[in-house]
Amino acid sequence: LGDSAPLKEAMAVLQHHDAVSGTAKQNVVDDYAKQLAAAWGPCEVLMSNALAGLSHYKQNFSFCRELNISICPVSQKSERFRVTIYNPLGRKVDQMVRLPVSEGNFFVKDPNDKNVSSNVVIVPSSYSKTYQWELLFPASVPALGFSTYSVTKMSGRNEQVPSLLSRPRKPK
Amino acid sequence: SRVLVIENEYIRATFDSGTGFLMKIENKEQNLSLPVSQSFFWYNASVGDDKSSQASGAYIFRPSARKPLPVSHWAQISLVKTALVQEVHQNFSAWCFQVIRLYKDQRHLELEWTVGPIPVKDDWGKEVISRFDTPMKTKGQFFTDSNGREIMKRRDNYRPTWTLNQTEPVAGNYYPVNTRIYITDGQMQLTVLTDRSQGGSSLQNGSLELMVHRRLLVDDGRGVMEPLLETDTGDKVRGRHLVLLSSVRDAAARHRLLAEQEVLAPQLMLALGGSSPYHSQ
């Protein structure tokens with residue numbers, strides 16, 4: 001059963017400055033995290049129900065909680081996927097989209113099915129040993145609206161390996 | 001070459017390849033040039049001293065000395081250049097690195113910093129800052145926003161409504177930065193936008209700093225009764241600073257629009273499968 005009330009209540013508790021500033025004991029911090037995590041589940045169900053209702057099509061939606069650390073199974077493992085970008089601002093926004101991907105070449109098409117220039121760039125080795133590449137493409141999104149881009153992975157290895165100039169120096 | 005450059009049609013950023021540090025930002029549209037050195041430093045957290053037993057802690061920022069220590073005197077750098085983005089990857093230490101990024105058609109520099117886990121085996125609590133040093137004559141003034149709304153003028157060792165007896169030369173000049181902080185010499189303006197609320201200050205003319213991470217070993221005695229110290233290895237924090245150099249005249253229009261775009265950023269949704277033309281029906 002979908003329900004947004006637990007998340008609303010958890011967020012209300014997290015309005016307290018202790019939730020973000022470090023001015024709480026560790027067991028209280030753990031409880032903040034627990035309340036948030038517990039509330040998240042039924043809210044995801046609510047979102048899935050709403051999306052199914054709007055699209056008149058029931059399917060399994062998944063929610064990625066790791067995109068902020070550049071982990072995304074959909075973009076990293078799929079050969080073809082779509083990216084819908086919603087702009088909450090009241091004016092058109094041009095934004096560079098970055099998505100973690102596996103090594104390779106990608107074709108990106110805009111909502112009008114026109115090709116969009118894209119690059120696959122290497123991320124710093126210190127970021128992670130499990131992901132190394134990010135797909136980059138410019139997106140244009142209308143005011144208070146959305147744009148859907150499609151991404152297709154081409155076979156073969158990445159031919160757009162960027163020029164990498166390394167200047168290692170010995171520590172003083 | 002002695003210098004490395006990343007540039008698009010609006011911005012040019014120059015790096016000293018000897019130190020690996022940013023050394024200059026140019027606004028090509030407005031023909032502005034500003035020497036800027038940016039690097040990471042850390043304040044040694046006070047555990048109390050002769051003047052006061054107050055330790056730096058979760059509630060209290062109290063460095064033991066006015067001068068912060070550099071994380072490193074140089075950074076190992078790599079350069080990545082593609083048609084859409086140019087990046088300089090800077091590695092300051094095992095726990096501090098940064099990507100300075102310039103996208104095609106973008107009018108600001110993006111600094112994506114990663115700090116942590118902060119090492120504390122030396123028994124020194126550390127409060128890490130990113131500092132921008134410029135030759136700008138800022139007359140001891142800088143500006144921070146108040147809750148993302150009003151921009152407030154801040155002056156060294158000064159409060160507008162009472163005579164201040166400054167007892168903390170660093171912390172007493174720190175202010176909340178919710179979305180932006182800037183310095184200006186009346187002609188040009190260096191603005192740094194944050195992706196989260198941080199503490200910030202300008203402790204010297206032409207200098208601007210933001211605290212990015214801290215890890216402390218002593219409780220400050222304000223009620224938590226625990227030091228600000230993550231268990232196990234400690235937290236790693238990643239964030240972004242967006243840097244704008246422009247004339248004072250149009251700075252507000254630029255940082256206001258950019259801050260909106262940062263705070264109300266586009267949301268992404270992914271779906272498996274091929275192209276699916278959107279029909280409003």
Side-chain angles (χ1 to χ4, degrees), chain A residues 18 20-26 64 67-69 72 74-75 78 80-89 91 93-97 99 109 111-113 117-127 136-139 141 146-148 150-152 160 162-169 171-172, chain B residues 4 17-20 57-59 72-85 87 89-91 94 97-99 101 103-106 112 114 196-197 214 216 220 222-226 228-231 238 257 260-261 264-278:
Chain A
D18 275 7
V20 292
S21 63
T23 52
K25 283 180 184 291
Q26 189 60 49
C64 182
L67 191 55
N68 66 329
I69 52 167
C72 176
V74 173
S75 62
S78 310
R80 298 165 80 191
F81 59 93
R82 299 188 299 276
V83 185
T84 298
I85 308 152
Y86 169 68
N87 171 24
L89 288 176
R91 60 181 162 86
V93 162
D94 295 313
Q95 179 92 5
M96 203 63 82
V97 175
L99 288 169
K109 289 193 171 181
N112 299 315
D113 222 26
S117 60
S118 65
N119 289 149
V120 174
V121 294
I122 195 164
V123 298
S125 55
S126 44
Y127 271 36
L136 191 66
F137 66 89
V141 198
F146 62 87
S147 298
T148 300
S150 65
V151 179
T152 306
Q160 294 179 319
S163 60
L164 186 67
L165 175 62
S166 209
R167 291 170 179 269
R169 286 168 58 92
K172 287 175 185 170
Chain B
L4 279 177
S17 62
T19 62
Y59 282 97
S72 174
H73 292 285
W74 60 280
Q76 185 178 315
I77 54 173
S78 309
L79 180 67
V80 173
K81 281 194 176 186
T82 72
L84 294 176
V85 70
E87 298 180 342
H89 299 181
Q90 298 173 304
N91 196 338
F97 44 93
Q98 181 171 250
V99 177
R101 194 173 277 147
Y103 287 117
K104 183 173 177 273
D105 299 330
Q106 206 168 54
E112 188 179 71
T114 305
R196 71 199 64 188
S197 294
R214 54 205 298 253
L216 310 170
D220 58 12
R222 300 282 160 160
V224 188
M225 293 171 70
E226 285 176 10
L228 191 66
L229 175 67
E230 307 93 24
T231 50
R238 181 169 299 154
L257 291 172
E260 271 185 6
Q261 206 168 322
L264 293 168
Q267 302 288 307
L268 290 186
M269 192 161 81
L270 308 184
L272 290 170
S275 63
S276 166
Y278 167 70

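Atom set for the values below is all heavy atoms of this structure, side chains included, hydrogens, waters and symmetry mates excluded. Below, chains carry the letters A, B, ... as their sequence lines are ordered, and counting in each starts from 1.
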Colleague: Do A:Asn119 side-chain atoms and B:Thr82 backbone N/O form a donor-acceptor pair below 3.5 Å?
Modeller: no

Colleague: Do the non-hydrogen side-chain atoms of B:Tyr103 and A:Leu136 ever get within less than 4.5 Å of each other?
Modeller: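 In contact.
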
Colleague: Which atom names give the shortest non-hydrogen contact between B:Leu84 and A:Phe137, and what distance separates them?
Modeller: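 Answer, listing the atom of B:Leu84 first, then A:Phe137: CD1-CA, 4.2 Å.
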
Colleague: Sort A:Thr23 into side chain, backbone, both or neither according to what part of it lies under 4.5 angstrom from a heavy atom of chain B.
Modeller: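 Both backbone and side chain.
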
Colleague: Treating A:Arg91 as the side-chain partner and B:Leu257 as the backbone partner, does any N or O pair qualify as donor plus acceptor under 3.5 Å?
Modeller: yes

Colleague: Can you measure from CD (A:Gln26) to CD (B:Glu226) and round to the nearest 0.5 angstrom?
Modeller: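 Atom-to-atom, A:Gln26:CD and B:Glu226:CD are 6.5 Å apart.
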
Colleague: Can you find a heavy atom in the side chain of A:Val93 that is under 4.5 Å from one in the side chain of B:Gln261?
Modeller: yes

Colleague: Sort B:Phe97 into side chain, backbone, both or neither according to what part of it lies under 4.5 angstrom from a heavy atom of chain A.
Modeller: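 Contact with chain A is through the side chain of B:Phe97 alone.
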
Colleague: Looking at B:Glu112, B:Gln106, B:Lys104, B:Arg196, which makes the most heavy-atom pairs under 4.5 Å with chain A?
Modeller: B:Glu112

Colleague: Between A:Ser75, A:Gly22, A:Pro124, A:Ala24, which residue shows the highest count of heavy-atom pairs closer than 4.5 Å to chain B?
Modeller: A:Pro124

Colleague: Can you tell me how far apart CD (B:Gln267) and CD1 (A:Ile85) are? Round to the nearest 0.5 Å.
Modeller: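 One gets 11.0 Å once the value is rounded to the nearest 0.5 Å.
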
Colleague: Using atom types as modelled and distance alone, determine if a side-chain donor or acceptor of A:Gln95 lies under 3.5 Å from a backbone N or O of B:Pro266.
Modeller: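 Flag not set: sc A:Gln95 to bb B:Pro266 has no pair under 3.5 Å.
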
Colleague: Relative to chain A, which segment of B:Leu228 carries a heavy atom at a distance below 4.5 Å: side chain, backbone, both, or neither?
Modeller: side chain

Colleague: Would you mind telling me which of A:Val151, A:Val97, A:Asn87, A:Val83 has the largest number of heavy-atom pairs within less than 4.5 Å of chain B?
Modeller: A:Val83

Colleague: Taking atom CE as the centre, does B:Met269 end up with more than 12 heavy-atom neighbours from other residues, nucleotides or ligands that are less than 6.0 angstrom away?
Modeller: no

Colleague: Measure A:Asp94 against the heavy atoms of chain B and call it side chain, backbone, both or neither at under 4.5 Å.
Modeller: backbone

Colleague: Once you round to the nearest 0.5 Å, how far does CZ of A:Arg80 lie from CG of B:Leu272?
Modeller: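 Between atom CZ of A:Arg80 and atom CG of B:Leu272 there are 11.0 Å.
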
Colleague: Does the pair A:Asp18 and B:Val224 meet the rule for a side chain to side chain contact (heavy atoms under 4.5 Å, CB included), with working shown?
Modeller: CA-CA 10 Å; A:Asp18 275 7; B:Val224 188; over 6 Å; no

Colleague: Under a 4.5 Å heavy-atom cut-off, does chain A meet the side chain of B:Ala94, its backbone, both or neither?
Modeller: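 Contact with chain A: none, neither part.
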
Colleague: Return the minimal non-hydrogen interatomic distance between B:His89 and A:Val123, and the atom names on each side.
Modeller: CE1-C, 4.2 Å

